Protein chains: 2
Amino acid sequence: MRVFNFNAGPAALPIEVLEQVASEMLDWNGTGMSIMENSHRAKQVVAMAAETEELVKSLLNLGPEWSVLFCQGGASLQFAMVPLNFAPDGQLADFIDTGLWSTKAYQEAKQCGTQVHLAASSAQDDFTYIPTDYNFSRSPKYVYLTSNNTVRGTQWRNFPAQAPAPLIADLSSDFLSRRVDLSNFVLAFAGAQKNVGPAGLTVVLIKKDFAQTGKKGLPHMLDYRTYLDNGSMYNTPPVFAIYVASLVFKWIKAEGGLEVIEKFNQLKGKTLYDAIDGSSGFYRGTARADSRSLMNVTFRLLSEDLEKKFLEEAKTQGLTGLGGHRSVGGVRASLYNAVTQTAVESLTGFMAEFMKKNG
Amino acid sequence: MRVFNFNAGPAALPIEVLEQVASEMLDWNGTGMSIMENSHRAKQVVAMAAETEELVKSLLNLGPEWSVLFCQGGASLQFAMVPLNFAPDGQLADFIDTGLWSTKAYQEAKQCGTQVHLAASSAQDDFTYIPTDYNFSRSPKYVYLTSNNTVRGTQWRNFPAQAPAPLIADLSSDFLSRRVDLSNFVLAFAGAQKNVGPAGLTVVLIKKDFAQTGKKGLPHMLDYRTYLDNGSMYNTPPVFAIYVASLVFKWIKAEGGLEVIEKFNQLKGKTLYDAIDGSSGFYRGTARADSRSLMNVTFRLLSEDLEKKFLEEAKTQGLTGLGGHRSVGGVRASLYNAVTQTAVESLTGFMAEFMKKNG
């Protein structure tokens with residue numbers, strides 16, 4: 001029996017996609033073999049990967065100045081690749097720190113020899129909000145931010161409009177969940193395991209001319225040009241993960257694209273936040289209202305014991321993956337694209353019941 | 001209809017494994033979700049990954065001094081990680097060059113600042129054999145080799161016994177195809193897409209004390225200790241690929257382990273090489289007899305036109321993936337673990353027919 005899956009990542013995938021993957025496991029696309037057994041140089045696989053790039057560009061309305069790359073190593077490898085390519089050897093980059101993943105990103109940049117300037121941080125307030133005042137340095141190479149914060153349940157509404165350098169973003173946990181204006185950006189990346197597909201694939205959006213400004217002489221697998229110049233096939237890419245991603249992208253398109261997906265995610269978020277806000281303090285959202293994430297809804301109960309009971313009972317009702325990140329505890333419901341309104345209403349129904357019994 | 005798949009990689013997987021993957025796609029291990037939807041921190045996933053490590057160690061008889069790591073980025077990223085960790089900043093390493101992949105490995109080491117010494121190379125003879133005479137430097141940090149050469153169809157029989165430093169090997173294309181004595185090694189790695197599973201996973205065997213000698217201060221995802229200290233879960237690993245690998249390892253075990261697999265691969269190789277050698281020169285093996293690979297059997301026909309005809313007709317008979325590497329042309333039949341004796345005999349049957357018609 002399928003459960004309602006509120007995992008923060010890896011996370012729920014559309015059941016239609018999983019069914020198609022299963023049905024094609026022994027014979028993909030008439031090749032007489034699994035997608036995993038096909039050569040990455042086979043015409044059909046090259047075409048599939050190229051189509052997947054085009055799907056991303058079309059969903060995000062990206063112009064021909066953008067390329068879509070398929071990398072590996074997750075956001076954590078991007079935390080190193082970005083500074084190694086674009087602010088190496090003591091060059092300056094500005095970071096906006098909104099929680100665990102942006103903290104890791106700027107620490108890794110330091111490790112890579114970048115001079116890091118924190119233009120803003122909500123650390124002093126437990127990362128409960130997205131800063132709107134920035135103290136940018138005069139001429140950084142780029143300004144880095146994390147569009148959605150899975151741990152603290154916050155999400156950017158409007159990206160900085162007046163930054164002194166192009167923006168770079170980790171979009172991992174709200175990629176393709178809403179329309180997004182990337183015109184001030186030069187690079188954005190997303191680990192696949194939230195809204196895209198299986199872990200082991202990182203989708204990188206990069207402006208072609210910006211890629212050319214990267215440091216020369218890096219190890220090939222750390223140089224964005226290696227991916228750009230070889231259609232992400234300098235070596236064997238994670239073909240299966242790209243294939244699943246292609247099915248997810250087609251599913252998004254069939255649902256109506258990002259405009260429809262965004263409305264759908266707004267409804268899910270409203271449903272859950274309304275349940276929290278209408279509980280007279282029995283459930284307490286942790287993020288400031290203006291910074292609330294539609295992807296990861298974080299809240300607390302009156303005590304840790306009650307939270308434990310909540311999570312255990314939820315699980316017996318088939319509501320899984322609701323534990324907060326191990327660094328902060330509490331409850332977290334991740335509402336990625338593949339999480340249905342039915343799943344959210346099952347959760348809010350359970351929350352009402354639980355409050356009645358324990359309130 | 002399933003074809004006979006002679007791809008060099010990604011390559012054939014055991015049909016039993018694919019069937020199990022398909023059957024568990026909507027509900028893995030009673031979790032009510034796909035393996036791709038499970039958190040990598042979930043107990044069952046952590047247990048699965050730990051079990052997979054143990055399977056590798058048990059198949060290879062590795063003692064407790066070894067660790068098994070799950071990395072990403074393929075052999076190409078290892079080409080950089082090995083020198084960055086173990087021969088950085090102009091330190092010396094010896095390489096034995098037996099073809100494309102070892103050439104790439106030493107070139108990447110140079111790119112990473114390693115002082116490279118070629119202890120042997122068969123480049124002058126078109127990489128048709130594995131060298132047995134070595135001109136080692138006096139005190140390199142390690143000696144690097146490629147155990148099997150997919151492009152040229154050669155394979156090591158006996159690794160250097162008298163090297164001046166511990167050995168490091170790229171085992172990608174014959175990993176778990178035979179018993180192997182790793183006692184003189186400190187590190188060996190294998191891209192999964194030959195004998196292990198889907199592309200996007202690299203299995204790394206490393207001696208724990210050797211890992212500790214690596215350069216400090218590298219980007220986290222390039223430091224072997226990051227994987228060692230976190231059970232390969234510093235960040236989200238490629239869970240699906242690890243899961244498929246675990247099923248393949250169990251399949252190898254159920255077949256009887258490496259001793260049985262090795263005999264099975266010897267029989268397949270003999271069947272095909274006998275067909276080549278018994279063709280009175282119609283088919284000509286490209287590798288020297290003492291260096292022939294049991295994994296990738298490379299041969300030529302009398303002309304490129306005839307090779308083209310051979311490949312086209314083979315495909316119509318359901319014999320696929322037989323084209324030689326794009327850098328050398330000709331014919332290549334890859335006989336990885338999951339390629340059956342039936343497949344090989346279908347190929348040799350076709351070869352006899354083709355010779356009769358075109359000889």
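Convention: sequence-line order gives letters A, B, ...; per-chain numbering from 1. These numbers were taken from a predicted model, which means no experiment stands behind them.
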Inset, instruction - Quick one: which of B:Gly74, B:Ala12, B:Gly9, B:Ala80 has the most heavy-atom pairs under 4.5 Å with chain A, could you say? - result: B:Ala12
Legend entry - Residue A:Met1 versus chain B: region with a heavy atom under 4.5 Å: backbone
Inset, instruction - Kindly assign one of parallel, tilted or perpendicular to the pair A:Tyr144 and A:Phe189, based on the angle between their ring planes and the thresholds 30° and 60°. - result: tilted
Legend entry - Part of A:Gln193 within contact of chain B (heavy atom distance under 4.5 Å): side chain
Inset, instruction - Look at the rings of A:Trp101 and A:His325 and say which category their plane angle falls in: under 30° parallel, 30 to 60° tilted, over 60° perpendicular. - result: perpendicular
Inset, instruction - Kindly assign one of parallel, tilted or perpendicular to the pair B:Trp28 and B:Tyr243, based on the angle between their ring planes and the thresholds 30° and 60°. - result: perpendicular
Legend entry - Which of A:Val21, A:Leu218, A:Leu201, A:Leu26 touches chain B most, by non-hydrogen pairs under 4.5 Å: A:Leu26
Inset, instruction - Measure the acute angle between the ring planes of B:Tyr234 and B:His220, then classify it against the limits of 30° and 60° as parallel, tilted or perpendicular. - result: parallel
Legend entry - Selection from B:Cys112, B:Ala11, B:Ser34 maximising heavy-atom pairs under 4.5 Å formed with chain A: B:Ala11
Legend entry - Atom group of A:Thr31 that falls short of 4.5 Å from chain B, counting heavy atoms: backbone
Legend entry - Heavy-atom contact with chain B under 4.5 Å, split by part of A:Val244: side chain
Inset, instruction - Using non-hydrogen atoms and a 4.5 Å limit, figure out which bit of A:Asn38 sits close to chain B: side chain, backbone, both or neither. - result: backbone
